[in-house]
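See below for the structure under consideration.
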Amino acid sequence: KNEVEQSPQNLTAQEGEFITINCSYSVGISALHWLQQHPGGGIVSLFMLSSGKKKHGRLIATINIQEKHSSLHITASHPRDSAVYICASSAGNQFYFGTGTSLTVIP
Amino acid sequence: DTGVSQDPRHKITKRGQNVTFRCDPISEHNRLYWYRQTLGQGPEFLTYFQNEAQLEKSRLLSDRFSAERPKGSFSTLEIQRTEQGDSAMYLCASSVTGTDNEQFFGPGTRLTVL
């Protein structure tokens with residue numbers, strides 16, 4: 001089983017701060033996913049990456065395959081970024097999820 | 001509607017009752033996944049279908065749980081003789097065929113067993 005660990009578990013930031021959420025996994029994977037979950041349960045896929053770096057707006061995701069590590073960065077954070085961010089690894093058809101990082105951005 | 005839908009959104013039931021949830025995936029998606037999420041935890045894989053075939057089941061899916069996708073479109077997840085430990089958010093996701101393709105999640109069904 002692939003163990004997926006995220007840090008920190010909880011994060012509070014002031015509006016405008018640069019935010020980093022980290023994810024590590026234990027075995028080889030095909031892809032790494034970053035998901036966003038708002039209160040009420042809805043999950044949105046932010047990124048799927050297998051190498052390098054991807055950017056979408058103020059969000060940047062990176063992955064280091066050799067170190068089995070990925071990071072999600074949020075630049076110029078905003079209160080609407082407040083959510084739980086979940087890292088998930090996939091190997092074939094199996095997905096393994098981290099427990100999530102709860103982010104609160106204070107105005 | 002272009003997203004994944006789930007019904008009901010909330011279900012409260014008494015211990016020992018049977019419950020059934022429905023998931024309607026995005027229409028062109030032939031893969032459908034069920035997950036369970038408890039408070040403070042990430043989703044846990046339960047089972048997945050490719051078209052109507054159930055290809056994989058987690059050990060979490062005890063014999064009280066059964067999932068079907070009879071026509072390769074919508075899916076149902078039934079829990080028999082519910083227990084308080086079954087209280088959780090049940091999430092459905094769909095994707096197109098292919099390894100590691102992006103999954104699109106439904107809003108979930110929150111089950112509370114009293």
Side-chain angles (χ1 to χ4, degrees), chain A residues 1-11 21-51 54 56 61 63 65 70 72 83-103, chain B residues 2-6 8-11 21 23 26 29-51 53-61 87-112:
Chain A
K1 179 183 175 181
N2 195 0
E3 301 291 337
V4 178
E5 294 186 354
Q6 290 184 235
S7 63
Q9 287 190 342
N10 297 284
L11 181 56
I21 300 171
N22 296 300
C23 174
S24 60
Y25 52 92
S26 59
V27 301
I29 62 171
S30 302
L32 193 288
H33 306 254
W34 282 102
L35 311 169
Q36 181 191 57
Q37 186 170 31
H38 281 282
I43 293 178
V44 174
S45 177
L46 299 175
F47 294 103
M48 180 178 73
L49 65 165
S50 55
S51 65
K54 286 190 176 181
H56 181 70
I63 187 168
I65 298 294
S70 176
L72 175 69
V84 175
Y85 292 84
I86 301 172
C87 166
S89 67
S90 61
N93 299 312
Q94 278 279 12
F95 277 67
Y96 300 98
F97 295 82
T99 56
T101 294
S102 178
L103 171 65
Chain B
T2 57
V4 178
S5 62
Q6 292 186 244
R9 295 290 306 276
H10 303 273
K11 178 70 178 178
F21 310 140
C23 170
I26 294 171
H29 287 186
N30 52 8
R31 285 194 174 173
L32 187 149
Y33 302 79
W34 283 101
Y35 298 95
R36 181 174 69 186
Q37 185 178 26
T38 53
L39 198 61
Q41 300 297 315
E44 295 173 296
F45 170 80
L46 292 179
T47 188
Y48 98 94
F49 292 84
Q50 179 154 317
N51 300 313
Q54 187 174 18
L55 295 187
E56 199 159 347
K57 295 198 304 185
S58 163
R59 293 174 302 164
L60 294 173
L61 216 66
S87 296
M89 175 76 84
Y90 290 84
L91 294 162
C92 173
S94 69
S95 72
V96 296
T97 300
T99 302
D100 304 318
N101 278 323
E102 180 182 6
Q103 295 190 2
F104 294 80
F105 286 82
T109 294
R110 183 168 294 284
L111 172 66
T112 302

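Quantities reported herein were computed from a predicted structural model and do not represent experimental measurements. In what follows, every chain begins at residue 1, and chains take the letters A, B, ... in the order their sequences are listed. Computed from heavy atoms alone, side chains included, the values below leave out hydrogens, waters and symmetry copies.
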Max heavy-atom pairs within cutoff under 4.5 Å with chain B, candidates A:S45, A:G100, A:A88, A:C87, goes to A:S45
B:F49: partners by ring pair (Phe, Tyr, Trp, His ring centres under 6.0 Å), with sequence neighbours left out:
none
Tell me, for A:Q9 versus chain B, whether the close heavy atoms (under 4.5 Å) come from the side chain, the backbone, both or neither.
neither
Measuring only between side-chain heavy atoms, which start at C-beta, is B:Q103 closer than 4.5 Å to A:F95?
yes
Whatever's closer than 4.5 Å to a heavy atom in chain A on B:R110 counts as neither
Might you work through the side-chain contact (heavy atoms from CB on, under 4.5 Å) test for A:I86 and B:Q37, ending with a clear yes or no?
CA-CA 12 Å; A:I86 301 172; B:Q37 185 178 26; 4.1 Å; yes
Options B:G108, B:P107, B:G42, B:S58, ranked by heavy-atom pairs under 4.5 Å with chain A, top entry
B:G42
Is A:L35 close to B:P43 at the side-chain level, that is, under 4.5 Å between some pair of heavy atoms?
no
Aromatic ring proximity A:F97/B:F45, centre distance under 6.0 Å:
no
Got a sec, which residues hit ring pair (Phe, Tyr, Trp, His ring centres under 6.0 Å) with A:F47, two or more places apart in sequence or on another chain?
none
Do A:T99 and B:Q41 meet the criterion of a side-chain donor-acceptor pair at a distance under 3.5 Å?
no
